[in-house]
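Keep in mind it's a predicted model, so treat the numbers as computed, not measured.
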Amino acid sequence: MSDLEERFSDALHSTSRSWRQAVDRKLKYLGVSQASWMTIATAAKARSPLSQSELADRLAVEGATMVAMIDRLVKAGLVNREASTTDRRVKRVVLTPAGMKIYEKVKAEAAALRRDLLANTDQKKLLIATELLEGLQGIIDQQA
């Protein structure tokens, strides 16, 4: 691996982690952990309700970790588990109205932070970086 490739990989990893931590600091007042708001946001953005295992895959966590997270979110009244219409063994995770309210706050705070962080970024460079990352994601998805 060249020095530039290693530098890119390190920058990608550390920036991703730092970005999530910055959002997390903005959301402290909500009283939800990073794992909680990320689970809520992932469930909210899905085109249809996700199963617990689909959520775990999208968040790159173990199934048991996701079960415990969903248990906490159910107890907090932020999500419900609903039986799948096609497979009764599968439970879909659905946001409650309180969970949607949290998501709307997460979405607004994340958008405000994104605007602040990217305010002085050249739009052409942003487009190039975005296309690069989307292309890499496509390659990774094909290999999976």
Side-chain angles (χ1 to χ4, degrees), residues 1-119 121 125-144:
M1 178 185 308
S2 75
D3 288 342
L4 180 58
E5 290 168 342
E6 185 173 359
R7 191 172 143 208
F8 172 80
S9 178
D10 289 346
L12 177 63
H13 178 74
S14 65
T15 301
S16 175
R17 184 182 62 248
S18 295
W19 193 292
R20 283 191 311 274
Q21 289 171 339
V23 173
D24 196 45
R25 285 190 299 273
K26 288 271 224 183
L27 298 174
K28 282 290 183 206
Y29 75 95
L30 294 175
V32 293
S33 68
Q34 183 179 112
S36 294
W37 64 254
M38 288 181 66
T39 301
I40 289 168
T42 301
K45 290 192 252 182
R47 293 178 191 254
S48 60
L50 299 172
S51 69
Q52 294 176 163
S53 61
E54 290 168 332
L55 263 174
D57 286 345
R58 290 193 185 185
L59 293 166
V61 298
E62 296 294 322
T65 301
M66 184 52 48
V67 169
M69 170 56 62
I70 294 168
D71 285 346
R72 286 190 295 276
L73 294 174
V74 167
K75 187 174 181 180
L78 301 175
V79 302
N80 287 321
R81 287 183 173 101
E82 294 182 358
S84 168
T85 57
T86 57
D87 186 344
R88 64 186 180 136
R89 297 170 297 175
V90 174
K91 300 296 184 213
R92 304 267 175 214
V93 179
V94 179
L95 294 182
T96 64
M100 277 305 294
K101 189 175 179 180
I102 292 283
Y103 172 64
E104 291 302 326
K105 290 178 182 177
V106 167
K107 187 176 167 183
E109 291 287 359
L113 177 64
R114 186 172 48 248
R115 281 189 302 274
D116 288 348
L117 292 174
L118 298 174
T121 301
K125 288 181 179 179
L126 182 59
L127 178 61
I128 290 168
T130 301
E131 289 174 343
L132 172 64
L133 293 172
E134 290 170 347
L136 286 172
Q137 186 64 55
I139 293 167
I140 292 167
D141 289 347
Q142 287 176 354
Q143 293 177 349

Nearest 0.5 angstrom please: [X] [atom1] to [Y] [atom2], how far?
X: L55; Y: T39; atom1: CG; atom2: OG1; answer: 6.5 Å
X: N80; Y: I70; atom1: CG; atom2: CD1; answer: 11.5 Å
X: K105; Y: L30; atom1: NZ; atom2: CG; answer: 6.0 Å
X: S16; Y: Q21; atom1: OG; atom2: CD; answer: 9.5 Å
X: I128; Y: L133; atom1: CD1; atom2: CG; answer: 12.0 Å
X: E109; Y: Y29; atom1: CD; atom2: OH; answer: 4.0 Å

- Decide yes or no for L73 and I40: does some side-chain heavy atom of the first lie under 4.5 Å from some side-chain heavy atom of the second?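 When only atoms from C-beta onward are counted, I40 and L73 do touch, with a gap below 4.5 Å.
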
- Validation row: L78, I102 side chains within 4.5 angstrom (heavy atoms): yes

- Query: So with a 6.0 Å cut-off around NZ of K91, is the heavy-atom count from everything else above 12?
  - Reply: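 Yes, the 6.0 Å shell around NZ holds more than 12 heavy atoms from other groups.
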
- Task: Of all the heavy-atom pairs spanning G77 and T96, show the shortest one and how long it is.
- Result: O-OG1, 2.5 Å

- Query: Are S33 and S36 close enough that a side-chain donor and a side-chain acceptor fall under 3.5 Å?
  - Reply: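 Yes - a donor-acceptor pair under 3.5 Å links their side chains.
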
- In short, salt bridge (charged side-chain N to carboxylate O under 4.0 Å, His left out) pairs touching residues 15-41 with sequence neighbours left out are D24-K28

- What salt bridge (charged side-chain N to carboxylate O under 4.0 Å, His left out) pairs are there with at least one residue in residues 49-74, not counting sequence neighbours? E54-R92, D71-R81

- Would R114 and W19 satisfy side-chain contact (heavy atoms from CB on, under 4.5 Å), going step by step from the backbone distance to the final call? CA-CA 9 Å; R114 186 172 48 248; W19 193 292; 3.9 Å; yes

- Query: Just by modelled atom types, is the M38 backbone N or O under 3.5 Å from a matching donor or acceptor in the T42 side chain?
  - Reply: yes

- Message: Donor-acceptor pair, distance only, cut-off 3.5 Å: does the side chain of S9 make one with the backbone of E5?
- Response: no

- Qualifying residues under side-chain hydrogen bond (donor to acceptor under 3.5 Å, both in side chains), relative to E134, sequence neighbours excluded: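 Scan of E134 (side-chain hydrogen bond (donor to acceptor under 3.5 Å, both in side chains), adjacent residues dropped) gives none.
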
- Task: Test V79 against L95 for side-chain contact (heavy atoms from CB on, under 4.5 Å), laying out the working first.
- Result: CA-CA 4 Å; V79 302; L95 294 182; 3.5 Å; yes

